[in-house]
2 protein chains.
Amino acid sequence: MRVRLEDVARATGVSPKTVSRVLNEEPSVKEATRQKVLAAMESMNYRPSPAARGLAGSRSFLVAMLYDNNDNPASTYLAEIQDGVLDACEAHRYSMMVCPLRMRGQDFLHRIDALVTDHHIDGVVLTPPLTDNRKLLARLQEHGVAHACISPVRRKDVVGVYMDEQKAAGDLVTHLIGLGHQRIAHVVGIADHGASRWRQAGYKAALTAAGLAVDPSYIVQGEFTFGSGVVAARQLFTLKHRPTAIFAANDDMAAGVMWTANEIGLKVPRDLSVCGFDDTPMATQLWPSLTTVRQPSREMGRLAAQQLLEQLRGRGEGRLVQIPYELQLRASTAALPG
Amino acid sequence: MRVRLEDVARATGVSPKTVSRVLNEEPSVKEATRQKVLAAMESMNYRPSPAARGLAGSRSFLVAMLYDNNDNPASTYLAEIQDGVLDACEAHRYSMMVCPLRMRGQDFLHRIDALVTDHHIDGVVLTPPLTDNRKLLARLQEHGVAHACISPVRRKDVVGVYMDEQKAAGDLVTHLIGLGHQRIAHVVGIADHGASRWRQAGYKAALTAAGLAVDPSYIVQGEFTFGSGVVAARQLFTLKHRPTAIFAANDDMAAGVMWTANEIGLKVPRDLSVCGFDDTPMATQLWPSLTTVRQPSREMGRLAAQQLLEQLRGRGEGRLVQIPYELQLRASTAALPG
DNA sequence: GTGAAAGCGCTAACAA
DNA sequence: TTGTTAGCGCTTTCAC
């Protein structure tokens with residue numbers, strides 16, 4: 001029924017071990033032998049059994065994508081990353097599992113243990129804010145499980161992918177300043193997320209670079225959700241000198257800001273310019289369409305997984321790669337009248 | 001290092017086979033023995049190796065969630081279903097893989113073969129429109145792989161979960177009629193999706209039941225995307241007798257309709273009532289917030305997987321369960337003035 | 001109701 | 001560069 005490694009060996013006239021060597025791309029096989037075996041595998045449509053490989057060997061050819069189920073950014077962000085990770089896994093004949101964790105609460109370390117003990121996971125892809133959880137990283141280290149990070153805060157000795165979010169945020173705010181805005185507010189994301197810190201830092205840097213003061217009352221806390229954008233906007237709209245532009249740390253909060261503007265009759269962008277970050281599908285679906293920064297999530301997932309696999313397959317070390325961003329200037333920002 | 005079944009056996013003073021019997025919930029074990037073994041497993045923190053079980057036995061304790069990568073509904077829909085499937089799998093100690101397919105193009109059957117041959121998948125959860133692909137279903141049958149469907153078109157001899165979408169759509173349109181609307185248009189979804197058919201059928205039924213004519217020029221084709229909602233709305237807005245209400249077959253298209261209304265200066269709901277279907281997060285984030293039908297995707301994923309596992313574990317047959325819907329009446333619909 | 005032996009398909013550690 | 005032997009941790013088959 002099933003074509004086994006042994007069958008390929010017999011058909012080729014070599015030992016099972018040699019076929020195994022070819023399968024695992026070990027260098028110590030004569031090129032002629034390798035070609036013969038490869039040809040037989042192909043023609044016999046041989047497919048190795050992951051179960052047998054996992055049981056006998058030290059590798060499982062399995063990676064897991066971990067994400068936080070509480071403080072998750074928009075689900076579309078995670079879905080795109082997942083697709084990217086899957087792309088890379090398929091290209092290298094690895095399988096992927098998905099593993100939601102609840103970072104608040106203590107069970108989440110046990111889930112790591114289970115993943116390692118049960119499935120012998122070879123490596124994991126970490127999404128924010130998991131990328132910076134010291135307990136999690138320590139546990140992975142204990143288990144000897146490799147990992148790649150997406151947008152990690154620490155960038156030293158880390159494998160994965162990141163964007164220069166600070167510079168991107170700075171560019172966005174500089175754009176607002178170029179449109180004549182001076183009273184520019186910022187809605188911050190969840191406090192300990194790297195994304196919040198970078199985007200806020202970029203905001204401040206741009207103001208400072210333009211010789212504008214950083215007014216603390218123009219900086220309000222959010223938590224990356226639509227609702228928190230609404231709350232933040234309401235607070236900003238009660239200020240004596242209302243901001244003429246608001247930079248929200250992500251698109252969801254920007255949507256909340258625009259919703260609130262509608263609520264009190266402010267017209268975007270005439271009365272208020274709004275911009276976000278991420279370029280989720282929503283950005284083009286809002287009215288007016290949202291000025292934001294494009295973050296290529298799927299590509300980031302793909303690259304992170306690729307670096308992880310690079311490392312697992314012993315081909316080089318796995319690096320931290322930077323991915324470029326793109327400003328998306330749309331209809332929600334406009335020049336300040338007068 | 002690892003606690004094996006044999007270790008549990010030794011600690012309990014029974015044979016490995018007996019421990020295996022307990023593990024697999026086989027009936028032919030004396031209750032006292034079973035308790036003893038269970039206790040030992042617990043205290044020794046025994047975790048069976050999926051690889052070994054898969055290799056030796058006929059089951060893999062693995063299910064896959066399949067989805068279409070081309071005609072996919074909103075990614076948030078799939079993400080929620082995935083979470084639900086995962087919930088059920090964890091509750092029954094099964095693992096889940098995700099498997100995107102491209103239904104256009106022919107490779108997708110090979111991917112099924114790979115899933116079965118490589119991973120010995122025990123069963124799959126099918127999402128629309130995969131639920132009704134005859135080739136896919138036939139292939140699964142060939143392989144003897146069980147499946148559960150989410151919102152399948154055929155409802156006979158099928159395991160899974162569905163909602164009465166036709167009735168829900170009818171209720172929505174009836175609500176519009178109750179508000180005084182008579183010129184009610186409908187934006188249809190992708191032609192061969194069950195969701196499109198049911199929602200359109202509900203629309204027509206409600207009109208007919210109210211003694212209103214079904215005007216073909218008020219029914220325009222869409223494809224479940226925001227952009228197609230825009231196109232459809234533009235078409236409807238050029239009609240001599242513009243509709244006073246538009247029922248789009250999903251929230252994304254409804255958002256497109258609202259966007260277009262904005263574009264040409266129509267005010268929702270004063271000049272136009274709009275409603276959608278699904279109650280995605282977007283529905284509450286639009287301005288004005290969208291009247292729609294709540295479809296509990298995560299719960300549907302959970303239930304479908306649960307029925308699948310029920311079937312796999314031989315406890316009963318697995319049924320097709322119906323899940324209730326809920327109308328969400330929000331700000332995008334209002335009484336017709338005059 | 002329980003156990004002994006064999007083997008799932010592959011890789012490890014050695015040997016040649 | 002290639003082959004041999006043993007066994008990964010479990011389930012199967014068959015015996016008792």
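Basis for what follows: all heavy atoms, side chains included, without hydrogens, waters or symmetry-related copies. Numbered from 1 within each chain, the chains take letters A, B, ... in sequence-line order. Computed from a predicted model, the values in this text were never measured in an experiment.
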K.L.:
Answer yes or no: is there a donor N or O on one side and an acceptor on the other, between the side chain of B:T117 and the main chain of B:A114, under 3.5 Å?
P.N.:
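Here the side-chain-to-backbone pair does not exist.
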
K.L.:
Nearest whole angstrom, please: distance from the C1' of D:dT2 to the CG of A:L23.
P.N.:
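My rounded result for the distance is 17 Å.
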
K.L.:
Between protein and nucleic acid, restricted to nucleotides 3-5 of chain D and to nitrogen or oxygen atoms under 3.5 Å apart, what atom pairs and distances do you find?
P.N.:
residue	atom	partner	partner atom	Å
D:dG3	OP2	A:S15	N	2.8
D:dG3	OP2	A:S15	OG	3.0
D:dG3	OP2	A:T18	OG1	2.7
D:dG3	N7	A:R21	NH1	3.3
D:dG3	O6	A:R21	NH2	2.7

K.L.:
Does the distance from a Lys or Arg side-chain N to an Asp or Glu carboxylate O, for A:D118 and B:R47, drop under 4.0 Å?
P.N.:
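Salt bridge present between A:D118 and B:R47.
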
K.L.:
Could you state the atom-to-atom distance from CG of A:N24 to P of D:dT2 in whole Å?
P.N.:
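After rounding, the gap between these two atoms is 15 Å.
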
K.L.:
Taking the six-membered ring of A:F61 as reference, does the cationic atom of A:R53 (NZ for Lys, CZ for Arg) lie under 6.0 Å from its centre and within 45° of its axis?
P.N.:
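Positive - A:R53 is close enough to the ring of A:F61 and near enough to its axis.
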
K.L.:
Can you confirm whether A:L320 sits close enough to A:V159 that some side-chain heavy atom of one is under 4.5 Å from a side-chain heavy atom of the other?
P.N.:
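No, side chains not in contact.
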
K.L.:
Regarding A:D113 and A:H143, is there a side-chain donor-to-acceptor distance under 3.5 Å anywhere?
P.N.:
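A:H143 and A:D113 do have a side-chain donor-acceptor pair below 3.5 Å.
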
K.L.:
Atom CZ of A:R4 and atom P of C:dT11: how far apart are they, to the nearest Å?
P.N.:
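Distance check: A:R4 CZ to C:dT11 P gives 14 Å.
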
K.L.:
Can you check whether B:P100's main-chain N or O pairs, donor with acceptor, with B:N69's side chain at less than 3.5 Å?
P.N.:
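No; zero donor-acceptor contacts below 3.5 Å.
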
K.L.:
Measure from NE2 on B:H120 to C1' on D:dT11 and round the result to the nearest Å.
P.N.:
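Atom-to-atom, B:H120 to D:dT11, this comes out as 13 Å.
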
K.L.:
DNA chain D: stems of at least 3 consecutive Watson-Crick or G-U pairs, cut-off 3.5 Å?
P.N.:
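Stems for DNA chain D, defined as runs of 3 or more consecutive pairs: C:1-11 with D:6-16, C:13-16 with D:1-4.
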
K.L.:
Using atom NE2 of B:H119 as one end and atom P of C:dC10 as the other, report the distance to the nearest whole Å.
P.N.:
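Atom NE2 in B:H119 sits about 13 Å away from atom P in C:dC10.
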
K.L.:
Please check if any side-chain donor atom of A:S60 sits under 3.5 Å from a side-chain acceptor atom of A:H119, or the reverse.
P.N.:
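Distance-only check fails for A:S60 and A:H119.
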
K.L.:
With A:V321, which of A:Q306, A:M300, A:Q307 fulfils side-chain contact (heavy atoms from CB on, under 4.5 Å)?
P.N.:
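Between A:V321 and the candidates, side-chain contact (heavy atoms from CB on, under 4.5 Å) is satisfied uniquely by A:Q307.
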
K.L.:
I need the residues from residues 49-64 of chain A with at least one non-hydrogen atom less than 4.0 Å from DNA chain D; give them sorted by number, or say none.
P.N.:
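Going residue by residue through residues 49-64 of chain A, the ones with a heavy atom under 4.0 Å of DNA chain D turn out to be A:L55, A:A56.
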
K.L.:
Calculate the interatomic distance between B:E6 atom CD and C:dA5 atom P; express it in whole Å.
P.N.:
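Computing the B:E6:CD to C:dA5:P distance gives 13 Å.
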
K.L.:
Is the shortest distance from a Lys or Arg side-chain nitrogen in A:D83 or A:R302 to a carboxylate oxygen in the other one below 4.0 Å?
P.N.:
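Answer for the salt bridge query: no.
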
K.L.:
Between B:V29 and A:P48, name the one whose nearest nucleotide on DNA chain C is closer to the 5' end.
P.N.:
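Residue closer to the 5' terminus by nearest nucleotide: B:V29.
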
K.L.:
I'd like to know if A:E90 pairs up with B:R111 as an ion pair, taking the criterion as any Lys NZ or Arg NE/NH1/NH2 lying under 4.0 Å from an Asp or Glu carboxylate oxygen.
P.N.:
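Salt bridge between A:E90 and B:R111, a charged N being under 4.0 Å from a carboxylate O: yes.
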
K.L.:
Going by the side-chain contact (heavy atoms from CB on, under 4.5 Å) test, name the single residue among A:L5, A:D7, A:V8 that passes it with A:P16.
P.N.:
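Exactly one candidate clears the test, A:L5.
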
K.L.:
Once you round it to whole Å, what is the distance between C1' of D:dT11 and CD of B:E25?
P.N.:
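Going from CD in B:E25 over to C1' in D:dT11 covers 16 Å.
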
K.L.:
If I take atom CD in residue A:E26 and atom C1' in nucleotide C:dC10, what distance separates them, rounded to the nearest angstrom?
P.N.:
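Rounded to the whole Å, the gap is 13 Å.
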
